[in-house]
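Reviewing the structure listed below.
Quantities reported herein were computed from a predicted structural model and do not represent experimental measurements.
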Amino acid sequence: MLTLLTIAGLGAAVALPVVLLSVGGGVYDHERAALTSAGYQIAVSSGGTHGIDGAHSFSADIDALPGVAAASPVLSVALEAFLPNSTVPVLTEGVLPAAFLATQEPEEADLFPHPLPLGDPTDSAHWDNGTYAGPSAGRVLLSTPFASAERIGLGATLRLGSGTDRNDSTPFEVTGLFGVVGPSIGPTAVFGAILPLSDLQVLSGLARTASGVELDAADSVEVSLQPADQSPTDLDRVAGEIAHLAPFYTVSVLDSEAGQLAQAEGILDGFYVGLSAVGLVIGLAFLALVLLREVESERRSIGIRRAIGVPSYQVAIGLLGRGAALAAAGAVVGILGGVAIVGALADRAGGEVGAVAALAVFDPATLLLLALSVVGLSLVAGSLAVRAALRRALPESLR
């Protein structure tokens with residue numbers, strides 16, 4: 001029974017770093033992959049809500065910079081979709097159709113029809129140099145879960161508005177569907193829609209102020225570079241030129257963010273190891289106590305072996321081997337238990353906890369190193385038992 005308790009205690013101590021390192025590493029790999037595989041290399045953002053002003057003109061200025069392939073402003077606003085018998089909230093994104101597709105990573109771009117059936121690819125006709133007096137294409141794309149759940153087909157008319165009054169809504173023709181990506185960290189807005197940027201700005205009151213001053217608002221601008229201009233030097237050059245165009249905006253280079261993410265992961269791994277060390281120290285202390293108790297209970301047996309000429313190193317090897325075997329069993333139980341815990345969270349926790357757990361990565365090299373570390377540290381606990389067994393005089397051992 002004591003042996004089982006020892007293995008269980010060590011297993012619990014090992015399970016904690018397995019969970020922390022696998023989930024933390026999985027989240028890091030997910031975020032790094034999202035950064036390195038994104039269809040754009042530079043992101044421009046601003047503080048506050050919808051903080052980019054003059055999005056159409058600003059994007060055109062970025063497009064004119066050497067090496068830039070596309071600049072895609074994106075505006076995200078929650079609207080109300082008015083169905084025949086109900087009203088449904090929809091997360092809507094306003095985009096420049098051509099630039100939006102040009103800045104998507106290949107996996108995500110495949111989820112959209114090519115080209116986006118939203119009318120004017122540049123959205124310049126309706127925007128009309130900031131007057132918003134041009135003709136609207138009157139088209140919208142819906143996510144497939146939304147269209148399926150509400151039985152909305154291509155060619156149907158969907159009314160969208162920023163308020164709850166159907167009379168203030170605007171009709172749009174559904175001209176296409178797009179898929180959704182998963183899993184991701186956080187809730188996925190499967191009830192989504194995509195509109196030309198100018199249409200969403202007008203619907204949400206982000207085109208012009210009540211006094212007529214142009215807002216042309218967006219949340220961010222995603223910038224992709226030509227394939228020949230994606231070296232670190234080119235990225236820094238273009239980022240600097242964009243910062244010169246808009247000195248009060250935040251310009252982020254995704255390669256730099258990936259490097260910062262790697263540094264953050266190193267810090268977190270150190271924290272995880274430090275936190276896990278507390279449990280491992282307690283488990284190994286318990287192992288030392290168990291080995292010392294076994295030395296005491298086998299005092300006469302050890303004394304007899306020493307008396308008949310068994311070398312001391314063989315006695316030491318036996319005790320160290322006993323400790324290493326218990327540690328190895330505890331490491332195996334802990335690794336399997338950690339994997340089971342993460343799997344249970346991914347399958348049953350749901351929400352953000354389940355989504356994060358589903359990203360876990362069990363690196364065989366990390367798990368093997370963890371197991372070897374536990375076995376190696378068990379030698380310290382075993383050495384205490386060896387010292388207790390060999391320092392006792394033979395007459396005392398044989399009493």
### Query
Under 3.5 Å, side chain of Arg166 to main-chain N/O of Leu83, donor-acceptor pair present?
yes
Which residues share a side-chain hydrogen bond (donor to acceptor under 3.5 Å, both in side chains) with [X], sequence neighbours left out:
X      : value
Glu222 : none
Thr131 : Asp128
Ser86  : none
Ser162 : none

### Query
What residues form a salt bridge (charged side-chain N to carboxylate O under 4.0 Å, His left out) with Glu173, not counting sequence neighbours?
none
Checking [X] now: which residues fulfil side-chain contact (heavy atoms from CB on, under 4.5 Å) with it, not counting sequence neighbours?
X      : result
Thr164 : none
Ala15  : none
Leu367 : Val18, Ile335, Phe362

### Query
Which pairs, with at least one residue in residues 354-372 and sequence neighbours excluded, count as a side-chain hydrogen bond (donor to acceptor under 3.5 Å, both in side chains)?
Asp363-Thr366
### Task
If a pair satisfies side-chain hydrogen bond (donor to acceptor under 3.5 Å, both in side chains) and one of its residues is in residues 59-74, list it, with sequence neighbours excluded.
none
#### Entry: Set of ring pair (Phe, Tyr, Trp, His ring centres under 6.0 Å) partners for His56, sequence neighbours left out
Trp127
### ring pair (Phe, Tyr, Trp, His ring centres under 6.0 Å) partners of Phe112, counting only residues at least two apart
Phe100, Phe178
### Message
Atom NE2 of residue position His244 - does it have more than 12 heavy atoms of other residues, nucleotides or ligands inside 6.0 Å?
### Response
no
